[in-house]
Every structure is written in structure tokens, then in C-alpha cells.
Amino acid sequence: MKIDGVPYRSLWWDADEGALQIIDQRWLPHELRIQQVDTLDDYADAIVEMRVRGAPLIGATAAYGMALAMAQDPSDANLDAAWERLHETRPTAINLRWALDRCRTALRGTPVADRVDAALRLAHEIADEDVEINRAIGTHGLQIIRDIAAAKPAGQPVNILTHCNAGWIATVDFGTATSPMYQAHDAGIPIHVWVDETRPRNQGALTSWELGSHGIPHTYVTDNAGGHLMQKGMVDLVITGTDRTTRRGDVCNKIGTYLKALAARDNGVPFYVALPSPTIDWTVDDGVAEIPIEERRADEVSHIMGVLTDGSVGQVRVTPDGTPAGNPAFDVTPNRLVTGLITERGVCDATPEGLAGLFPDMAQAAE
Ligand code: MRU
């Protein structure tokens, strides 16, 4: 997608430098800072500190991390060590393990002398695949928005609520939840997006920045506003992303997603989840019981970052000094609350049969 009219991906390989370039998302939407990632520790830190974030982008970044590790030492021992170092960074988004497993399996089957080139090729492949998956999710999601628009009085916008940032910067390009929005807007369907603030890290500000750059009408609302908006008939559908979806269709996404799903169910609002297949964890059934939920630092809750009155970007504390703060970063929405999963192969029910019907190859391979 574009920043100030210039096309970008959220990460890219700089062949001259022989290194990965990322957008340091901690500074968005206030400042655009591009960074080069040079060491394995730096890759791990970029994921932990959320310079790169969003399940698909974490996976793609980790694949480039494996390529860097192979360039330094292509031995089996280093392959395993790099897998461990990157895997320990964030526990919830399954794309991380998916990308690391894919790289390790492929590289174990590659002669050591060929691993440097093979690892980089694979990282490029994973990044390019992500772009195509998200493009396809957009096409299938567009049809849902088109159908809702057709049932509304002509010219009235389709009101979509989204939570967190499942946008192009959370992926390599296009986003998952936002991809249908971009395609609908480009197809001339009037839409308006309610953007949840998404405390504590305020990923909604990233979504607002993205949508604003693309000219999509949107309104930034507090996390507590969604239920009220739905009661007043001001939301036609919800589309969120996911960090891990179980084989029966339970959806683990940014903290607060579950409450939106409950409100949507109570108000008869369709609740869709945009799901790239690498985000399916075929080994897990019951998301609430089995998915590890990342607990992040308390200062992400006690402090908030933004533009200060002197125009600089900085942090302020919002709690009394020393207040204990809890920071579970994700929650699980049970499949019964999910209207449908928008995947790259089409839309399916959030059920074991729905997912296995669209992805029989993957379901069988996991058996
Ligand atoms: O903690 P984050 O910002 O990495 O969490 C991101 C989300 O929860 C997204 O909704 C999810 O990764 C889907 S991104 C396409």
C-alpha cells in the first residue's frame, strides 16, 4: 500500500545492503522510521518490542531471521538455535511457529552448502505468498460487503467495525481484515469504518493512519463504544483479524475481540474474521483451554504514547505511580460467536467441517 503516494511493503529486502528493512511501528502513526535489521538478536528484539507486529508480519520477519542465521552459520546446530531464539519471542500468534517450522523443515532437507541461498529464497517466498493470500481474502470479503451494501438504501455507507490493526502493516501487504475494506472502497462501494482504539498499544491509531492514507472514511472510537454503536444500529458488520484460529474455528485475537463478538451476537450483527491459512493451528481444538496468551509489560498499560504539546513524541503515565497493572495481550472468541471465516480459499463456517472443507489438504496433513 502507499505512504504519501509511495508504494511500500511493511518489510523488504535491500539487496545492496544484504539486509532486511522494516518500518519501526512503535513510532507510527506519528513518524515513519525505517530500520535495518542486522543480527539475530535484533530480529528477536524487533518482534518482542513490536517494531514489527501482527501475526503474518511476525511470521515473515522470522523467515528472514532464519535466512540471516544461515548466512552466518548454515549448520544444523545453528538452524535449531535460530529456531529457538526466534520462537521464544512471542507466544500467541501461530504464524511465527508456522514460518519457523517451514524454514527448518525445508532447510534440513537442503545440503549445507546450498542453505544460504535457499533460506533467503524461502523468506521471499513466504513474504510474497502472504501478499497473495491477503489479496484473495480481500476478494472474498468484498462479496460480503457488496451483499450488505445491496440491502441498504442506495448511497448509504456500510458501517464496519474493526479491532486492533489487521491492516497492511500487520502483514506484508494489504492486511487481512482491511483487505476487503480496501477492495470495497476501490470498487466504489461506500464504506465507513469504526476503528477501535485497542488499548493498551493503540493499534487502532495504526488502522486510522492506514485507512486515512487510502481515503477511507473512518472514526476512531474508544474500546468501550462498540456495544453502544451496535445497539443503535450503527454497525452493519464486524471484521477482525486473528493471531491463531483452532481447527474448530475458535479465534484468538487482540484483547477485547471477545467482548466485541459478544456484543455483535446480542445485537444480531455479523461477526467475520479474516483468516490466512498460516494462522490456523491444526493441532489445537479448544482455544480458551489450549492457546497460550501473551502477558506483556505493565508499563504498556500504565503509560501511553503520543504527541506531546511541544510536538515531540513521548510517553505519559496515566495511573498513580506504582499501580499494579495486568496486560493480557489476546483473548479467545469461541467459534459459536463467529459468523464466518474469510480465508484465501473462500468463506467458511467457524466449525471443524467448515475449515476442513476449504483446507482438506492441511486438515489431513495434521492428522
Ligand atoms: O500484538 P499485535 O499488535 O501483534 O496483535 C495483532 C493482532 O491482534 C492482529 O489483529 C492479528 O495479528 C491479525 S493481523 C493481520
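- Using the six-membered ring where Trp is involved, W13 and H124 have ring planes that are perpendicular, over 60° apart on the 30 and 60° scheme.
- Between Y272 atom OH and I239 atom CD1 the span is 9.0 Å, to the nearest 0.5 Å.
- In summary, R33 and E31 engage in a salt bridge, as defined by a charged side-chain N under 4.0 Å from a carboxylate O.
- Connection of W83 to I94 is not established within any shared hydrophobic cluster, with ILVMFWY side chains joined at heavy-atom distances below 4.5 Å, either directly or through further cluster members.
- Under the 3.5 Å distance criterion, the side-chain polar atoms of E344 are matched with a main-chain donor or acceptor of S277.
- Cluster annotation: L107 is connected to L100 through the hydrophobic network of ILVMFWY side chains, with a link wherever side-chain heavy atoms come within less than 4.5 Å.
- With hydrogens and angles left out, the side-chain atoms of T279 and N95 include a donor and acceptor closer than 3.5 Å.
- Put simply, the side chain of D266 never gets that close to the backbone of L262: no donor and acceptor are under 3.5 Å apart.
- Using a 4.5 Å cut-off on side-chain heavy atoms (C-beta onward), Q21 and L11 make no contact.
- Residue D223 comes nearest to K260 through the heavy atom pair O-NZ, 2.8 Å, listed as atom of the first residue, atom of the second, then distance.
- Among all heavy-atom pairs drawn from A298 and A325, the shortest one is CB-O, 3.4 Å.
- Side chains of N224 and T222: no donor on one and acceptor on the other come within 3.5 Å.
- For the residue pair G326 and V301, the shortest heavy atom distance occurs at O-CG2, 3.5 Å.
- Side-chain polar atoms of D281 and W98 form no donor-acceptor pair below 3.5 angstrom.
- Residues C252 and I293 meet the side-chain proximity criterion, which asks for heavy atoms closer than 4.5 Å.
- Heavy atoms only, all atoms of each residue included: G215 and P217 are closest at O-CD, 3.5 Å.
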Could you go step by step and tell me if D173 and R135 meet the salt bridge (Lys or Arg N to Asp or Glu O under 4.0 Å) rule? CA-CA 8 Å; D173 207 351; R135 198 194 304 272; over 6 Å; no
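- Here the side chain of D286 pairs a donor or acceptor atom with the backbone of V288 at under 3.5 angstrom.
- In the model, T246 has no side-chain atom that pairs as donor or acceptor with a side-chain atom of E290 under 3.5 Å.
- Under the 4.5 Å side-chain heavy-atom criterion for ILVMFWY residues, a single connected hydrophobic cluster contains both I189 and I144.
- Counting heavy atoms from C-beta on, the side chains of P7 and M1 never come closer than 4.5 Å.
- The only option from T176, I342, L355, I137 that meets the side-chain contact (heavy atoms from CB on, under 4.5 Å) definition with L275 turns out to be L355.
- The cluster map of Ile, Leu, Val, Met, Phe, Trp and Tyr, joined by side-chain heavy atoms under 4.5 Å apart, puts L341 and V269 in the same cluster.
- In terms of heavy-atom proximity, G241 sits nearest to A177 at N-CB, 3.9 Å.
- Between T333 and D250, the closest side-chain pair of non-hydrogen atoms is not below 4.5 Å.
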Assess the residue pair I22 and R51 against the criterion (side-chain contact (heavy atoms from CB on, under 4.5 Å)); give the C-alpha distance rounded to whole Å, side-chain angles, the decisive distance to 0.1 Å, and a yes or no. CA-CA 8 Å; I22 60 167; R51 284 186 264 151; 4.1 Å; yes
List the steps, then state whether side-chain hydrogen bond (donor to acceptor under 3.5 Å, both in side chains) holds for D41 with T39. CA-CA 5 Å; D41 279 345; T39 65; 5.6 Å; no
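- With hydrogens and angles ignored, the 3.5 Å screen pairs a side-chain donor or acceptor of D14 with a backbone N or O of D16.
- T339 contributes a side-chain N or O that, together with a main-chain N or O of F271, makes up a donor-acceptor pair within less than 3.5 Å.
- Between T207 atom OG1 and W209 atom CH2 the span is 10.5 Å, to the nearest 0.5 Å.
- At distances below 3.5 Å, at least one donor-acceptor pair connects side-chain atoms of T92 with backbone N or O atoms of P292.
- In this structure, D361 pairs ionically with R345, as a charged nitrogen and a carboxylate oxygen lie closer than 4.0 Å.
- Side-chain contact, N165 with R53: a donor N or O sits under 3.5 Å from an acceptor N or O.
- Summarising the geometry, atom CD1 belonging to I47 is positioned 11.0 Å from atom NE2 belonging to H87; distances are rounded to the nearest 0.5 Å.
- In this structure, N159 contributes its side chain and V193 its backbone to no donor-acceptor pair below 3.5 Å.
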Would V238 and I160 count as a side-chain contact (heavy atoms from CB on, under 4.5 Å) if you check the C-alpha gap in whole Å, the side-chain angles of each, and the deciding distance to 0.1 Å? CA-CA 5 Å; V238 179; I160 305 168; over 6 Å; no
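- Nearest heavy atom pair, residue S312 against residue D310, reads OG-OD1, 2.6 Å.
- At distances below 3.5 Å, not a single donor-acceptor pair connects side-chain atoms of R248 with backbone N or O atoms of P352.
- Taking the side chain as every heavy atom from C-beta outward, V316 and L308 approach each other to under 4.5 Å.
- Figure legend: cation-pi geometry between K254 and F330, with NZ or CZ positioned under 6.0 Å from the six-membered ring centre and within 45° of its axis.
- Salt bridge R296/E49: absent, no basic N to carboxylate O contact under 4.0 Å.
- Side-chain contact annotation: T198 with D196, donor-acceptor N/O pair under 3.5 Å absent.
- H192 and T219 are linked by a side-chain donor-acceptor pair at a separation below 3.5 angstrom, with hydrogens and angles left out of the test.
- The closest side-chain heavy-atom distance from D80 to R104 is below 4.5 Å.
- Judged by distance alone, with hydrogens and angles left aside, the side-chain atoms of E210 form a donor-acceptor pair with the main-chain N or O of W168 at under 3.5 Å.
- With contacts defined as side-chain heavy-atom distances shorter than 4.5 Å, the pair R115/D76 qualifies.
- I169 CD1 to L57 CG: the interatomic distance, rounded to the nearest 0.5 Å, is 9.0 Å.
- For the pair D130/N134, a side-chain contact is recorded, criterion being any heavy-atom separation below 4.5 Å from C-beta on.
- Between the side chain of S10 and the main chain of T171, a donor-acceptor pair closer than 3.5 Å is present.
- Counted within 6.0 Å of NZ on K2, heavy atoms from surrounding residues, nucleotides or ligands total 12 or fewer; the atom is thus considered open.
- In the hydrophobic clustering of this structure, L122 does not group with M66; members are Ile, Leu, Val, Met, Phe, Trp, Tyr whose side-chain heavy atoms approach within less than 4.5 Å, directly or through other members.
- Seen from the ring of W282, R247 does not count as a face-on cation partner, given the 6.0 Å and 45° thresholds.
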Y182/I216 under side-chain contact (heavy atoms from CB on, under 4.5 Å): CA gap, chis, key distance, verdict: CA-CA 8 Å; Y182 289 129; I216 297 182; 3.6 Å; yes
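- For the 3.5 Å distance criterion, the side chains of E300 and N327 qualify, holding a donor opposite an acceptor.
- M181 CE to H214 NE2: the interatomic distance, rounded to the nearest 0.5 Å, is 12.0 Å.
- Of the residues N253, V338, N335, V251, the one that meets the side-chain contact (heavy atoms from CB on, under 4.5 Å) test with T245 is V251.
- Note: T257 OG1 to D243 CG = 8.5 Å, rounded to the nearest 0.5 Å.
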Steps toward side-chain contact (heavy atoms from CB on, under 4.5 Å) verdict (L237, V158): CA-CA 8 Å; L237 81 159; V158 176; 3.7 Å; yes
